[in-house]
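I'd like to ask you about the structure that follows.
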Number of protein chains: 2
Amino acid sequence: MDAEQSANLWISILYRYRKMFMSKRLEDCGVAGGCPFLILDLYENDGANQEQLAAALKTDKATVARAVQKLEAEGFIRREEDPGDKRAYRVFLTAKGKAAIPSFKSAFAEWNRTLEDGIPEEALAVFRQTLEKMSRNACSAVKAAP
Amino acid sequence: MDAEQSANLWISILYRYRKMFMSKRLEDCGVAGGCPFLILDLYENDGANQEQLAAALKTDKATVARAVQKLEAEGFIRREEDPGDKRAYRVFLTAKGKAAIPSFKSAFAEWNRTLEDGIPEEALAVFRQTLEKMSRNACSAVKAAP
């Protein structure tokens with residue numbers, strides 16, 4: 001594999017290993033451990049509707065709907081009909097959902113410390129900036145595709 | 001989400017959008033389009049056994065076994081008993097598998113051009129180096145976990 005193909009494999013490794021780490025580290029959070037970004041986004045945007053969640057997580061509405069259904073069944077979130085739009089629901093963390101937040105934050109912090117071990121701060125800054133720009137390029141390209 | 005949590009979300013976006021792009025771009029390659037790294041690795045290491053493939057792709061043997069079974073069923077690869085180890089199989093690309101390689105290479109090249117649009121070469125070099133180091137950190141950490 002050339003350097004560019006390998007970069008895609010490394011992205012895949014970081015994705016898969018982060019998921020493995022999180023599901024082990026967040027075992028006690030049950031199904032919520034599989035939706036860390038949704039939980040963390042709700043913590044900052046409590047009451048977001050499913051469309052807003054899908055936009056924030058750059059995923060599709062069906063994926064968000066499935067996650068919301070599982071999280072509601074396990075008591076991490078609750079839904080309320082949006083008074084401004086009868087077809088939409090606003091999503092809120094329950095007390096159980098809020099109580100899980102510190103575990104999520106410390107799991108991410110631990111994972112990041114693991115990844116960043118031995119990497120100079122200047123390289124990390126360039127890395128994060130480049131990663132964000134690439135994600136934006138990816139999102140525009142997929143949106144633009146027919 | 002803080003910058004470090006966001007970085008994990010961006011990794012997740014790059015992973016998911018690359019998969020979406022590849023499966024669309026490699027539709028004609030059928031099931032092989034879902035295993036681009038395995039196909040590309042075999043192209044360089046024809047005759048690798050499944051254990052070597054799992055090590056190269058940093059995945060588990062069960063995942064490789066499932067992929068190999070699907071790819072064999074669709075005629076992209078063939079397996080031969082390893083003369084040195086009766087329990088192991090060596091995996092080879094068939095003519096159909098080899099014929100698919102240019103499509104894989106051009107799909108990756110196109111995806112990388114999309115991601116890298118507007119990013120200076122120096123930033124890309126730091127990005128790739130940091131990404132590789134992070135992947136190595138991730139692999140060591142997961143291996144070391146109980």
Side-chain angles (χ1 to χ4, degrees), chain A residues 1-22 24 36-37 40-41 43-44 56-59 104-105 108-120 122-142 145, chain B residues 1-22 24 36-37 40-41 43-44 56-59 104-105 108-120 122-142 145:
Chain A
M1 273 185 256
D2 67 26
E4 299 204 321
Q5 291 159 12
S6 298
N8 282 288
L9 177 58
W10 297 327
I11 294 275
S12 161
I13 291 168
L14 289 183
Y15 174 83
R16 290 184 281 117
Y17 281 48
R18 194 259 311 149
K19 277 186 82 116
M20 279 160 60
F21 173 84
M22 289 287 163
K24 193 158 194 159
F37 301 119
L40 287 168
D41 188 72
Y43 182 63
E44 277 163 27
L57 306 180
K58 308 290 180 208
T59 190
F104 280 76
K105 290 197 170 185
F108 268 108
E110 191 183 329
W111 181 242
N112 283 323
R113 272 197 304 279
T114 302
L115 294 191
E116 294 168 3
D117 186 39
I119 302 174
E122 313 83 73
L124 286 176
V126 174
F127 176 81
R128 288 193 204 114
Q129 207 174 16
T130 307
L131 186 64
E132 180 172 8
K133 172 77 175 140
M134 284 186 173
S135 309
R136 292 191 195 284
N137 284 344
C139 293
S140 317
V142 171
Chain B
M1 271 184 257
D2 66 26
E4 298 204 324
Q5 291 159 14
S6 298
N8 282 287
L9 177 57
W10 296 327
I11 295 274
S12 160
I13 291 169
L14 289 184
Y15 174 83
R16 289 184 282 117
Y17 281 47
R18 194 259 310 149
K19 278 186 80 116
M20 277 159 61
F21 173 85
M22 289 289 163
K24 193 159 194 158
F37 300 120
L40 287 169
D41 189 72
Y43 182 62
E44 277 163 25
L57 306 179
K58 307 289 181 208
T59 191
F104 280 76
K105 292 197 169 186
F108 268 108
E110 191 183 330
W111 181 242
N112 284 322
R113 271 197 306 277
T114 301
L115 294 190
E116 295 169 2
D117 186 40
I119 302 174
E122 313 84 72
L124 286 176
V126 175
F127 175 81
R128 288 192 204 115
Q129 207 174 15
T130 307
L131 186 64
E132 180 171 9
K133 172 78 176 139
M134 285 187 173
S135 309
R136 291 192 195 285
N137 285 344
C139 292
S140 318
V142 171

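The structure presented is a predicted model; accordingly, all values stated were derived computationally and were not measured. Each chain gets a letter, A, B and so on, in the order its sequence line appears, and its residues count up from 1.
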Query raised in the report: Is the Phe127(A) ring parallel, tilted or perpendicular to the Phe127(B) ring (thresholds 30°, 60°)?
Result: parallel

Report summary line: Heaviest contributor of heavy-atom pairs below 4.5 Å to chain A, chosen from Lys105(B), Glu132(B), Arg16(B), is Glu132(B)

Requested in this report: Identify, with sequence neighbours excluded, every residue that meets salt bridge (Lys or Arg N to Asp or Glu O under 4.0 Å) alongside Arg113(B).
Outcome: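 With sequence neighbours excluded, Arg113(B) shows a salt bridge (Lys or Arg N to Asp or Glu O under 4.0 Å) to no residue whatsoever.
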
Query - Region of Tyr15(B) in contact with chain A, defined by heavy-atom distances below 4.5 Å - result: both

Query raised in the report: From Trp10(B) CH2 over to Arg136(A) CZ, what is the distance, rounded to the nearest 0.5 angstrom?
Result: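 That separation rounds to 7.0 Å.
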
Requested in this report: Among Leu57(B), Ile13(B), Asn8(B), single out the residue with the greatest number of heavy-atom pairs under 4.5 Å to chain A.
Outcome: Asn8(B)

Requested in this report: Counting only heavy atoms closer than 4.5 Å, note whether Gln5(B) contacts chain A via side chain, backbone, both or neither.
Outcome: both

**Report entry** chain A contacts, top residue of Leu9(B), Leu124(B), Thr114(B) (heavy-atom pairs, under 4.5 Å)
**Finding:**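 The residue among Leu9(B), Leu124(B), Thr114(B) with the greatest pair count is Leu9(B).
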
Query raised in the report: Under a 4.5 Å heavy-atom cutoff, which of Asn112(A), Val126(A), Leu40(A) has the most pairs with chain B?
Result: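 Result: the option with the highest number of such pairs is Asn112(A).
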
Query - chain B contact via Arg18(A) - side chain, backbone, both or neither, heavy atoms under 4.5 Å - result: side chain

Query raised in the report: Taking every heavy-atom pair that is under 4.5 Å apart, which of Pro36(B), Ser135(B), Ser6(B) has the most such pairs with chain A?
Result: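 The candidate making the most pairs under 4.5 Å is Ser135(B).
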
Query raised in the report: Do you know which of Thr59(A), Ile119(A), Asp41(A) has the most heavy-atom pairs under 4.5 Å to chain B?
Result: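 Top count of heavy-atom pairs under 4.5 Å with chain B: Ile119(A).
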
Report summary line: Output for pair (Ile11(B) CD1, Lys19(A) NZ), nearest 0.5 Å, gives 14.0 Å

